[in-house]
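All values below were derived from every heavy atom in this structure, side-chain atoms included, with hydrogens, water molecules and symmetry-related copies excluded.
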Amino acid sequence: MDETPRSPITAFAGERLPGIGHNLGPPLDPGRSFRRFAWKKARAELMPRLPLEVVKRRVRRAKELGLAYPDYASILLGSGRDIIGFLFTVPAIAEEAVRAAKVRELTACDRLLMGEGAAAARLSHAHALVFRAVSAPPADTASFSAQSAAVAALLDPLKLPRDGVVMVGATPLERGWAEAGRLAKFLPAERYFSG
């Protein structure tokens, strides 16, 4: 049996994860402990009674979104909401035809793009990609609140709930944007596009 400890966060090459003693805990906002308790209880009561038809529907939905079922289920159970959109970054698609084809095939959700204007336009034109909205990313040195505001500037006009949007990115900096924007999940591009 493999006794190797596993980190709950996927690390990028060269990225340092929090060290020993860091619990990677959630923010301590008021009422969070009760909401977590209630959610865990409701989830525990639901799981043994989940009908086979529901599981089959979830597997189909995961395929529509191009996700592995465990990733889809963790997002669905973690946020309590289905995925309604993907926020891609320009480096995540990286001018690769195979990645662009997978993005182009997404029809069961919104496609959003975050990248510099010229790079985003070049990517969209080169691969015939259509995004519902395109936005400039926050500056590399932007504060946490500025990163959150950049994500809100993209999602709020579209009335998209943040916990229904998954970010697919290629750098640790982009993971920070997803965390600041309180998105449903951040998926490294290699993981999303390898499935």
Side-chain angles (χ1 to χ4, degrees), residues 9-10 39 43 46 50-51 53-117 119-138 147-171 173-195:
I9 296 178
T10 305
W39 184 251
R43 182 176 170 196
L46 173 68
L50 200 59
E53 294 80 22
V54 172
V55 174
K56 286 180 180 179
R57 186 174 53 228
R58 288 181 177 180
V59 169
R60 277 193 309 271
R61 179 68 174 147
K63 284 183 182 179
E64 285 177 356
L65 297 171
L67 288 169
Y69 180 74
D71 286 331
Y72 176 71
S74 73
I75 294 166
L76 185 63
L77 294 173
S79 70
R81 181 185 295 275
D82 193 22
I83 298 168
I84 59 172
F86 282 96
L87 173 55
F88 295 96
T89 62
V90 170
I93 301 172
E95 298 285 339
E96 293 184 27
V98 174
R99 291 184 177 188
K102 185 170 181 174
V103 172
R104 198 171 31 256
E105 291 171 5
L106 281 174
T107 57
C109 65
D110 284 324
R111 292 178 290 187
L112 310 165
L113 183 66
M114 187 171 270
E116 294 297 333
R122 187 173 56 250
L123 178 70
S124 295
H125 180 72
H127 297 288
L129 293 173
V130 177
F131 295 95
R132 183 169 178 207
V134 178
S135 175
Q147 292 174 15
S148 178
V151 173
L154 178 62
L155 301 181
D156 291 351
L158 302 174
K159 305 229 185 290
L160 294 176
R162 295 176 186 205
D163 59 352
V165 177
V166 174
M167 178 179 264
V168 178
T171 67
L173 183 64
E174 294 165 357
R175 179 197 316 271
W177 301 344
E179 291 170 0
R182 295 181 182 238
L183 300 180
K185 188 167 183 122
F186 174 85
L187 287 174
E190 295 79 24
R191 183 168 160 188
Y192 177 73
F193 289 111
S194 67

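In this structure, the separation between CD on Glu179 and CE on Met167 is 10.5 Å, given to the nearest 0.5 Å. A distance of 13.0 Å separates CZ of Arg175 from CG of Leu183, quoted to the nearest 0.5 Å. Within the model, atoms CG of Leu77 and CZ of Arg58 stand 5.5 Å from one another, a figure rounded to the nearest 0.5 Å. Atom CD1 of Ile93 sits about 5.0 Å away from atom CG of Leu123, to the nearest 0.5 Å. A distance of 5.0 Å separates CG of Leu65 from CZ of Phe86, quoted to the nearest 0.5 Å.
For the residue pair Lys185 and Ile75, the shortest heavy atom distance occurs at CD-CG1, 3.4 Å. Closest non-hydrogen pair, Ala184 versus Gly164, comes out as CB-N, 4.3 Å. For the residue pair Leu158 and Ala133, the shortest heavy atom distance occurs at CD1-CB, 3.6 Å. Here the shortest heavy-atom pairing between Phe193 and Ala92 reads CE1-O, 3.6 Å. Looking at every heavy atom in both residues, Trp177 comes nearest to Pro137 through CH2-CB, 3.3 Å.
Legend: residues meeting side-chain contact (heavy atoms from CB on, under 4.5 Å) with Lys56, ordered by chain and number and at least two apart, are Leu52, Arg60. Evaluation of the side-chain contact (heavy atoms from CB on, under 4.5 Å) rule for Ile84 yields Leu160, Pro161 as partners, not counting sequence neighbours. For Ala73, the side-chain contact (heavy atoms from CB on, under 4.5 Å) partners are Tyr69, not counting sequence neighbours. For Arg132, the salt bridge (charged side-chain N to carboxylate O under 4.0 Å, His left out) criterion is met by Asp110, not counting sequence neighbours. For Val134, the side-chain contact (heavy atoms from CB on, under 4.5 Å) test picks out Leu113, Ala120, Phe131, with sequence neighbours left out.
Judged as a side chain to side chain donor-acceptor pair (under 3.5 Å), the pairs with a partner in residues 76-90 (not counting sequence neighbours) are, in order, Arg61-Asp82, Tyr72-Asp82, Arg81-Asp163, Thr89-Glu174. Screening residues 121-130 for side chain to side chain donor-acceptor pair (under 3.5 Å), with sequence neighbours left out, gives no hits.
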Under 3.5 Å donor-acceptor pairs involving side-chain atoms of residues 147-155, not counting sequence neighbours:
from: Gln147; atom 1: NE2; to: Ala142; atom 2: O; distance (Å): 3.2
from: Ser148; atom 1: OG; to: Ala180; atom 2: O; distance (Å): 3.2

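With Arg162 contributing its side chain and Gly181 its backbone, the two residues share a donor-acceptor pair below 3.5 Å.
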